[in-house]
Number of protein chains: 2
Amino acid sequence: MNFQVYDTTLRDGAQQEGMNVSVNDKIAIATLLDELGVGFIEGGWPGAIPKDTDFFSRARRELKFRNAVLAAFGATRKAGVSADADPQVRALLDSEAPVVTLVAKSDIRHVERALKTTPDENLAMIQDTVALLRQQGRRVMVDAEHFFDGYRFDPRYTTRAVEVAFEAGAEAVILCDTNGGMLPEWVGEIVAELREATGTGTPETILGMHAHNDTGCAVANTLAAVNAGARHVQGTVNGYGERTGNADLLTVIANLEVKYDLKTLAGDLANATHVAHQISEITNITPYGRQPYVGASAFAHKAGLHASAIKVDPDLYQHMDPTRVGNDMRMLVSEMAGRASIELKGRELGFDLAGRSDVLTAITNRVKDAEANGYVFDAADASFELLLVEELEGTRPKYFAVESWRAIVERVGPRGTQASAEATVKLVAGGERIVTIGEGNGPVNALDHALRVALEQVYPEINKFELVDFKVRILDETHGTDAITRVLIETTDGVSTWSTVGVGPNVLEASWEALTDSAIYGLRREGIDPR
Amino acid sequence: MNFQVYDTTLRDGAQQEGMNVSVNDKIAIATLLDELGVGFIEGGWPGAIPKDTDFFSRARRELKFRNAVLAAFGATRKAGVSADADPQVRALLDSEAPVVTLVAKSDIRHVERALKTTPDENLAMIQDTVALLRQQGRRVMVDAEHFFDGYRFDPRYTTRAVEVAFEAGAEAVILCDTNGGMLPEWVGEIVAELREATGTGTPETILGMHAHNDTGCAVANTLAAVNAGARHVQGTVNGYGERTGNADLLTVIANLEVKYDLKTLAGDLANATHVAHQISEITNITPYGRQPYVGASAFAHKAGLHASAIKVDPDLYQHMDPTRVGNDMRMLVSEMAGRASIELKGRELGFDLAGRSDVLTAITNRVKDAEANGYVFDAADASFELLLVEELEGTRPKYFAVESWRAIVERVGPRGTQASAEATVKLVAGGERIVTIGEGNGPVNALDHALRVALEQVYPEINKFELVDFKVRILDETHGTDAITRVLIETTDGVSTWSTVGVGPNVLEASWEALTDSAIYGLRREGIDPR
């Protein structure tokens, strides 16, 4: 493939606010990126960041890529020292990464004001460092930092920096919109001018694009560069990165493959959604539902207007087939959704409501009432299904009847002393009254444990279920203390997961509702009858 | 101003997954949009959605716009009935909105397969409905639904639909990328071709752009249309909308004003950040930190590399002055941040750490350790400041010493019965031992109340403080039950707000840490000495 997809999630993406990945996380992310089929994975800056030095030494032993090549990021040599005497450059060689990507100044203002050296010395720094790494048998790429700002200020010098990099043996020079202020038409013009002036952009002198999203145009700027002859795109999974983030590599790739019919991945684009979500799990940054192509909402339809037409012909309302990126069309249940979308949602869940207009009306009204009280079903399919079952069968499955529950959390001693949490649950199941106590690291876990211990006496299948995520949201119309709390709980049986919602004036009340609904839904899903 | 900024947050934005706004919310959002200075505010679809009918009747009485004009959204008449006999069209007139925006089919496939009528009848529907509304003295705009997909399939028919709308008296025709599959260069070409073929795009025949973000190019597509002669942009605040959302109107406006130097708002762009965040509060949709221009991270710098250079010259690392959109530059504290960013952050908080290299090292190390344990200081300035104070003054302010606390939540009775929450706090303050009980709608509120009651005996100033937001995040490296919990609490004194973080194996433990830090920070900020 003569098109280079270069991922910098582990280096530039790690600048993301609130992101904090361990070496283990980096190994796991790199493995997913290789599975996706990107060509290059930038692992970090060995020598500058201890964690990254560790990453490269572990990567040598542990990472066996099928598709990707590992790249180490670093800087050109310091001013006034020879490249091989510069410890930062030596650390790049010591990393043993087959590809080294050097950040080089190409904006003369940064050379003089930030680097505080002369324009000529900066060019020599590029020349020497690239040459040394080539002598040592590395493939070398150069990130031309602040290229676009520099070009608009002094095209001559910026162009020269690019030429020097290629003359010294770089295989690709990546044009960086470091501050993210560019717009697509500007990028297109500048890249075309540069190719014209330098004859670069050939298979031997690849031009690349590194965009940030400060104008909301990172993806479009990357495409503009490709349309002007760039054959290398840099980005990060989920658009992680400093400020507004980097170009979202998944969106860029999907556009290139789906819209331009350009083959850019060694792997299958249908892994994109899976990889995006797995990496969100690892970085522990809540996925952005509206993310193009791979977002949970990307192919979710809410409007009653659309829903009725989608029943006729899905292609009329989708710009592509979601399965190409491993995503799905979803119908959302909401007060805005007409009966058409409730019917479609029912079908999605395996209930044929066609012609059951009484049921459709009843459900639509219940959904409206519940949403008015703070429930959200578009994020809690399992709770919606129980509501549906209740309407269809006149009652929800009676696996157990709760008599009371209580949770106590106590800390005796100063800051640092660990608190204890315990819960008591009293319920009737399988014809007998059951009283249990559960301990946990927190009140919700204690309640979860007490509920399990109680239920497993009658429904041992419950042991398969595990609570995997727990979200709390204060619905603060009425500010702070007397607000309503909404809890979303995600549970897995090891194979699939389901989400339930609870709402109440009390975080534990809401959690209890979501916990019990989760158990009811799970037992029903296993095909178990109330005992 | 002959450039039209048209907001559809209240109509198309309301299709956003998880969004559920009341009529009060809509009134509040419209007021903020008028304050921002947009030209047109689309309030909803009177007649089709009861809530929207109410909105327009209340808007007539309650909304006094300084800048904006209210627009009602609706559809062209049904096939086979006269426009003034169509109740949906009548409802648009009854709304008394000065502007009516009609959605019209312009893709022949939608005419035949979704609308199930003839191409000619569809054109007549546009003609008749626009003409009737004009006769009734309304300004009329036409949303050409699926314009781009339609144009690529059958340019002749799609072009005709646009011509008919203008011939019938529409002042603007908005070209809609309804399915969001377009790319900027395609939009630019098609809009230019259309103007060429029809002579539209004049002050009398305004062309507009309505983009969705399915390819991550909604903003760029809107700019491409403007560059090709469009003089009307539609979008939603924060990019709310179905699937991947609509074009983020704030990003579009900021690009037009900052990058193209085009005056598009009657108000001041510096309100953009405030309006974006206020509207997030109303919609109760967590703001997207990486949102261009107005996001909390939009001008936040984390990289040690950059931080040191920013000390030299901020302009080198920002594409614009954040204050133009009412945002600020922020330095983020993180394990990646070198001492330079800690020093800058200190300066931001009013501590001069220049030359205090011992302190800088100590703080940097503590931050690294704390982040390894799950703390995030980039989201909790107040907690970071307390850590800073502790390092500088050898200890954190000793306003009180906690002996123990306990929270109990109990529900007796079946689903629906309300649970009770109470908390006990024992602490020493002002030289005396204080034991208090607090009740609340939940354990955190009960603890909050008990803590206040205890502290107000010694520090009455505490009554000014109010907990306004409470976020819980399970750090699920170890899945579910024995995971670490992180709590972020936002507190206000009515004037400003501050955020504190707590981490623990227990949601209440973490909350308690954040609550007590919030009180300590608030008291110190008020300039109160420990008593």
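Labels below follow one simple rule: chain letters A, B, ... track the order of the sequence lines, proteins then strands, and each chain is numbered from 1. Given the structure is predicted, the values throughout are model-derived calculations rather than measurements.
The aromatic ring centres of H110(B) and Y317(A) sit less than 6.0 Å apart.
Among A247(B), P414(B), G241(B), G239(B), the residue with the largest count of heavy-atom pairs under 4.5 Å with chain A is G239(B). For the options V219(A), L447(A), I408(A), T491(A), heavy-atom pairs under 4.5 Å to chain B are most numerous at I408(A). Contacts with chain A were tallied for P184(B), C217(B), A298(B), G180(B); A298(B) has the most, counting heavy-atom pairs under 4.5 Å. By number of non-hydrogen pairs under 4.5 angstrom with chain A, the leading residue of A421(B), G295(B), G413(B), A510(B) is G413(B).
Annotation: side chain of F299(B) is not in contact with side chain of D214(A) (no heavy-atom distance under 4.5 Å). Counting only heavy atoms from C-beta outward, the side chains of Q318(B) and N179(A) never approach each other to under 4.5 Å. Residues N255(B) and L183(A) form a side-chain contact, since some pair of their non-hydrogen atoms from C-beta on lies under 4.5 Å apart. Using a 4.5 Å cut-off on side-chain heavy atoms (C-beta onward), N213(A) and R290(B) make no contact. Using a 4.5 Å heavy-atom cutoff, the side chains of P443(A) and V409(B) are not in contact.
When heavy atoms are compared at a cutoff of 4.5 Å, E185(A) approaches chain B solely by way of its side chain, counted from C-beta outward. Heavy atoms of N24(A) lying under 4.5 Å from chain B are absent altogether.
With sequence neighbours left out, E513(A) forms a side-chain contact (heavy atoms from CB on, under 4.5 Å) with Y375(A), D517(A), R415(B). Under the rule for a side-chain contact (heavy atoms from CB on, under 4.5 Å), the partners of R411(B) that lie at least two apart in sequence or sit in another chain are V402(A), W405(A), W512(A), T417(B), A419(B).
Under a 3.5 Å cut-off, the side chain of N441(A) and the backbone N or O of N506(B) do not form any donor-acceptor pair. In this structure, K259(B) contributes its side chain and G181(A) its backbone to a donor-acceptor pair below 3.5 Å.
Minimum interatomic distance between R243(B) and A300(A) (heavy atoms only, all atoms of both residues): CG-O, 3.4 Å.
A distance of 6.5 Å separates CD of Q16(B) from OG of S297(A), quoted to the nearest 0.5 Å. Here the straight-line distance linking atom CG of D149(B) with atom NE2 of H319(A) works out to 10.0 Å at 0.5 Å rounding.
Classification of the Y288(B)-Y288(A) ring pair by plane angle, with boundaries at 30° and 60°, yields parallel.
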